[in-house]
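To start, the structure itself, in structure tokens.
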Amino acid sequence: MSGAGLIVESDWDQLGAHLAAYDEQREAIIKRCRDMQKLAKQAVYTLHRGETSKAADQLNKAEAIARELLPALGKYPALRQGSYAAAVEEYAEAMAFAVFLAEGRLIRSDELPLAEPEEFLGGVLDFTGELNRYAIARATVRDKAAVQRCRDLVDAIMGRFLKFDLRNGALRKKYDALKYTLKKMESTLYELSLTEAMGFKMVSEGAMEPEGGAGGGEGGDEE
């Protein structure tokens, strides 16, 4: 003991060892979470390009990293907040997009057991942004049915979130952006409907023109 028996040195040595081990694990988790996030982001990009097999491989690798880190998180639960939670949200977002493209529905929380409830919800809210990008891409090829499906899903998600009493924080901020995403989708769908209606009107009016077009009938050049 030191300081006339005021401090037990061995006790403080253990505390120092704990802090050193914690910092070491923290740095290792942050590094691996960057890899996980990168894979999830790549999967989203790949899914937008229609490369589902490649995206599935990227998502499997991201999941493997998440599972690899679970023992360390079990020892140091506080390390879940921050990098790991953000990486899991990114993974949940990509998985939600993959399931929607494959089955046209929202992924269930029990299909993502690695994600805590708030991580799952954060991933779903991020997914709606990718859904908006997808809807715009489908609108460029006049796929109104696909745009409608996207809008309906976002509207359904909004309806469920309205039942929650969210406290201020990251999840609340993401939720606040949801209504703008829905508004953008509704505008896209409205513009697509107008374009479709105008196209139909032009075709209808064209069908009423006399054969040969205006002034183009036989004898049109007679003096």
Side-chain angles (χ1 to χ4, degrees), residues 11-103 105-131 133-134 157 160-161 164 166-178 181:
D11 183 39
W12 283 81
D13 288 342
Q14 289 178 1
L15 292 171
H18 172 82
L19 291 177
Y22 181 91
D23 287 341
E24 183 179 350
Q25 285 294 327
R26 178 177 175 276
E27 292 301 319
I29 288 174
I30 289 173
K31 183 178 182 301
R32 292 299 280 155
C33 284
R34 289 196 193 105
D35 296 335
M36 182 178 169
Q37 278 187 300
K38 183 177 180 181
L39 284 164
K41 287 180 181 293
Q42 288 173 339
V44 170
Y45 175 77
T46 304
L47 286 167
H48 276 295
R49 293 169 60 89
E51 301 173 13
T52 54
S53 296
K54 185 176 180 181
D57 181 61
Q58 291 164 334
L59 288 170
N60 286 336
K61 290 178 180 177
E63 181 179 339
I65 293 174
R67 293 189 180 281
E68 167 197 321
L69 297 176
L70 287 177
L73 294 175
K75 189 174 182 179
Y76 303 105
L79 289 176
R80 185 177 189 105
Q81 302 303 315
S83 296
Y84 187 83
V88 171
E89 282 192 16
E90 200 82 45
Y91 168 72
E93 172 190 353
M95 284 295 296
F97 192 31
V99 169
F100 173 78
L101 293 178
E103 303 177 32
R105 65 173 177 86
L106 180 63
I107 194 169
R108 301 189 311 274
S109 60
D110 63 2
E111 293 177 280
L112 290 174
L114 287 170
E116 294 291 331
E118 286 201 7
E119 295 164 356
F120 173 80
L121 293 173
V124 167
L125 288 171
D126 289 340
F127 153 67
T128 62
E130 295 304 326
L131 204 57
R133 287 180 58 197
Y134 175 75
I157 292 171
R160 297 308 301 178
F161 267 97
F164 295 157
L166 299 175
R167 63 180 183 274
N168 291 332
L171 193 60
R172 177 72 196 202
K173 289 179 181 178
K174 290 185 179 185
Y175 164 68
D176 288 341
L178 182 59
T181 299

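Predicted model, so just to flag it, every value in this text is computed and none were measured. Just so it is clear, the values below take in all heavy atoms, side chains as well, and ignore hydrogens, waters and symmetry mates.
For the pair Ile30 and Ser83, the tightest heavy-atom approach, listed with the atom from each and the gap, is CG1-OG, 3.5 Å. Taking each heavy atom of Ala94 and Leu59 in turn, the nearest pair found is CB-CD2, 3.5 Å. The two atoms that bring Leu69 and Cys33 nearest to each other are CD1-SG, 3.9 Å, heavy atoms only. Contact detail for Leu166 and Leu171: the closest heavy-atom pair is CD2-CD2, 4.0 Å.
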Output side-chain donor-acceptor pairs under 3.5 Å for residues 113-127, partner residues at least two apart or in another chain, one line each.
residue, atom, partner, partner atom, Å
Glu118, OE2, Arg167, NH1, 3.4
Glu118, OE2, Arg167, NH2, 3.0
Glu119, OE1, Arg80, NH2, 2.9
Glu119, OE1, Glu116, N, 2.8
Glu119, OE2, Arg80, NE, 2.9
Asp126, OD1, Lys174, NZ, 3.4
Asp126, OD2, Lys174, NZ, 2.9

Side-chain donor-acceptor contacts of residues 34-45 below 3.5 Å, not counting sequence neighbours, with atom names and distances?
residue, atom, partner, partner atom, Å
Asp35, OD2, Arg32, NH1, 3.0
Lys41, NZ, Glu90, OE2, 3.4
Tyr45, OH, Arg49, NH1, 3.3

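The distance from atom CD1 of Ile107 to atom CG of Leu112, rounded to the nearest 0.5 Å, is 3.5 Å. Distance check, rounded to the nearest 0.5 Å: CG of Leu73 to CZ of Arg67 gives 13.0 Å. The NE2 atom of His18 sits 9.0 Å away from atom CG of Asp23, with the distance rounded to the nearest 0.5 Å. Considering OG1 of Thr46 and CG of Asp57, their distance stands at 10.0 Å, rounded to 0.5 Å. Rounding to the nearest 0.5 angstrom, the gap separating the NZ atom in Lys54 from the CG atom in Leu47 is 11.0 Å.
Proximity of the aromatic rings of Phe97 and Phe100 is defined here by a centroid distance below 6.0 angstrom, and this criterion is not met.
Around the CZ atom of Arg160, the shell of radius 6.0 Å holds no more than 12 heavy atoms that belong to other residues, nucleotides or ligands. Other residues, nucleotides and ligands contribute more than 12 heavy atoms inside 6.0 Å of the CD atom of Glu111.
The existence of a salt bridge linking Glu27 and Lys31 is excluded, since no basic side-chain nitrogen approaches an acidic carboxylate oxygen closer than 4.0 Å.
Between Tyr134 and Leu101 there is a side-chain heavy-atom pair separated by less than 4.5 Å. Residues Ile65 and Tyr84 are not in side-chain contact: their nearest non-hydrogen atoms beyond the backbone lie 4.5 Å or more apart. At least one side-chain heavy atom of His48 sits under 4.5 Å from a side-chain heavy atom of Arg133.
For Arg172, the salt bridge (charged side-chain N to carboxylate O under 4.0 Å, His left out) partners at least two apart in sequence or on another chain are Asp176.
In this pair, Tyr76 and Tyr22 present their aromatic rings perpendicular. The plane angle is above 60°, beyond the 30 to 60° band.
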